[in-house]
Amino acid sequence: MTTVRQASPGRTVPAAPAGREPVRPALERVAAPVLDRVRAHPFWRGLRAGTLPAPVLWHFAEQDARFLVPAYARALSRCAALAPRDAHGELLSAAATATFGSLPRLREELALLATAVGGAPAAPATTPDPVVHAYASFLLAAPATSFAGAVGALLPMSWFHLAISEELRRHPAGGPRYARWVAQFRAHDGFADYLSGFVGLVEAVAAGCVPAERTHLLELFSTGADYELSFADSAWQLDHWPD
């Protein structure tokens with residue numbers, strides 16, 4: 001079973017500098033080593049090579065569509081309600097609406113994926129696996145900490161999704177078996193602009209933070225990044241609750 005990491009004890013989150021350095025370089029320093037591990041993970045390597053076992057992709061796709069993406073949509077809504085600036089609330093609300101709107105399509109794609117991989121379990125999953133349960137709980141709880149903490153926690157899912165999408169465009173999945181699922185998984189046109197706006201929002205929030213708040217934002221961003229790695233690993237290991 002995958003071990004769920006609530007934080008990265010070996011990694012130091014950058015402290016707030018004396019000057020008002022933009023927060024994006026600190027975010028990139030936190031994300032880069034985790035993103036390298038995500039790209040190199042056997043789940044994504046196998047998907048790019050076309051050798052990923054069908055049950056592994058099914059586990060990822062089902063957990064994503066049934067549990068993780070809905071939790072993310074709800075977390076975006078909660079975060080939007082806290083936004084002190086109207087423009088920030090508008091961006092987060094629009095993101096929540098778009099994410100909720102994607103759910104029917106994701107579930108339709110599950111049925112098509114079942115055919116592509118030669119069948120799926122007879123019954124749909126009714127509970128998230130342990131890692132997805134922890135990740136979804138983290139996303140939904142983050143807005144209760146602070147607005148700064150919430151945007152830090154929610155940013156990695158979009159940040160990593162775009163990075164992995166670009167990787168899949170550069171290295172398309174081998175063979176036609178998973179091609180349709182990969183095509184619908186990749187970030188849509190305009191997603192890069194949305195992420196740029198989200199990062200701009202986080203930069204504006206961080207610029208108004210006291211040092212402790214900025215550190216909190218980065219800590220939750222770090223934990224969210226770790227969950228992106230743990231999610232791929234949980235699918236690879238077909239993670240499940242003990243019998």
Original post:
If Ile, Leu, Val, Met, Phe, Trp and Tyr residues are connected whenever their side-chain heavy atoms lie under 4.5 Å apart, and connections chain through other members, are Leu76 and Leu106 in the same group?
Top reply: no
Original post:
Can you tell me how far OG1 of Thr126 sits from CZ of Phe67, rounded to the nearest 0.5 angstrom?
Top reply: 6.5 Å
Subject >> Contact summary for Ala232 and His41, nearest pair of heavy atoms >> reply: O-CE1, 3.8 Å
Original post:
Which ring pair (Phe, Tyr, Trp, His ring centres under 6.0 Å) pairs, counting each pair once, include a residue from residues 142-167, with sequence neighbours left out?
Top reply: Trp159-Phe221, His161-Phe185, His161-Phe191
Original post:
What residues, two or more places apart in sequence or in another chain, satisfy salt bridge (charged side-chain N to carboxylate O under 4.0 Å, His left out) together with Arg74?
Top reply: none
When the side chains of residues 127-134 are checked against the rest of the protein, which donor-acceptor pairs come out under 3.5 Å, sequence neighbours left out?
residue : atom : partner : partner atom : Å
Asp129  : OD1  : Val131  : N            : 3.0
Asp129  : OD1  : Val132  : N            : 2.7
Asp129  : OD2  : His59   : NE2          : 2.7

Original post:
Considering all heavy atoms of both residues, which atom of Ala65 and which atom of Leu103 are nearest to each other, and what is their separation?
Top reply: O-CD2, 4.1 Å
Original post:
Do any pairs count as a side-chain hydrogen bond (donor to acceptor under 3.5 Å, both in side chains) and have a residue in residues 87-107, sequence neighbours left out, and if so which ones?
Top reply: Arg105-Gln184
Original post:
Which residues pass the salt bridge (charged side-chain N to carboxylate O under 4.0 Å, His left out) test with Arg24, sequence neighbours left out?
Top reply: Glu28
Subject >> Distance (rounded to the nearest 0.5 Å) between Arg186 CZ and Glu167 CD >> reply: 12.5 Å
Could you go through residues 79-86 and list every donor-acceptor pair under 3.5 Å that involves a side-chain atom there, pairing it with any protein atom two or more places apart or in another chain?
none

Subject >> Reported CG-to-CZ distance for the pair Asp233 and Phe60, which is rounded to 0.5 angstrom >> reply: 12.0 Å
**OP:** Taking side-chain hydrogen bond (donor to acceptor under 3.5 Å, both in side chains) as the test, write out the residues that go with Glu213, two or more places apart.
**Re:** none
Original post:
Do Tyr135 and Phe231 have ring centroids that are under 6.0 Å from one another?
Top reply: no
Original post:
Under the 3.5 angstrom rule, does the side chain of Thr145 hit a backbone N or O of Ala141 as a donor-acceptor pair?
Top reply: no
Subject >> Over all atoms of both residues, closest heavy-atom pair of Ala125 and Glu62 >> reply: N-OE2, 2.8 Å
Original post:
If only atom types and distance count, is the side chain of Thr223 paired as donor or acceptor with the main-chain N or O of Glu219 below 3.5 Å?
Top reply: yes
Original post:
Residues two or more places apart in sequence or in another chain: which of them pass side-chain contact (heavy atoms from CB on, under 4.5 Å) with Ala54?
Top reply: Val117, Arg177, Tyr178
Subject >> Ala61 versus Leu113, closest heavy-atom pair with distance >> reply: CB-CD2, 3.6 Å
Subject >> Nearest heavy-atom neighbours spanning Gly149 and Leu220 >> reply: O-CD2, 3.3 Å
Subject >> Heavy-atom pair with the smallest gap, counting every atom of Arg169 and Ala187 >> reply: NH2-O, 2.6 Å
**OP:** With sequence neighbours left out, write down each residue that passes ring pair (Phe, Tyr, Trp, His ring centres under 6.0 Å) with Phe100, or none if nothing qualifies.
**Re:** none
Original post:
With sequence neighbours excluded, what pairs up with Tyr72 under the ring pair (Phe, Tyr, Trp, His ring centres under 6.0 Å) test?
Top reply: none
Subject >> Contacts of Glu228 that satisfy salt bridge (charged side-chain N to carboxylate O under 4.0 Å, His left out) - sequence neighbours left out >> reply: none
Original post:
Quick one: CG on Leu162 to CZ on Phe198, what's the gap to the nearest 0.5 Å?
Top reply: 13.0 Å
Original post:
With a 4.5 Å limit on heavy-atom distance, are the side chains of Leu217 and Leu27 in contact?
Top reply: yes
Original post:
Given a cutoff of under 4.5 Å between side-chain heavy atoms of I, L, V, M, F, W and Y, with clusters grown through shared members, what are the other residues clustered with Leu140?
Top reply: none
Original post:
Does one hydrophobic cluster hold both Trp236 and Val34, with members joined at side-chain heavy-atom distances below 4.5 Å?
Top reply: yes
**OP:** Measure the spacing between CG of Leu155 and CG of Leu195 and express it to the nearest 0.5 Å.
**Re:** 6.5 Å
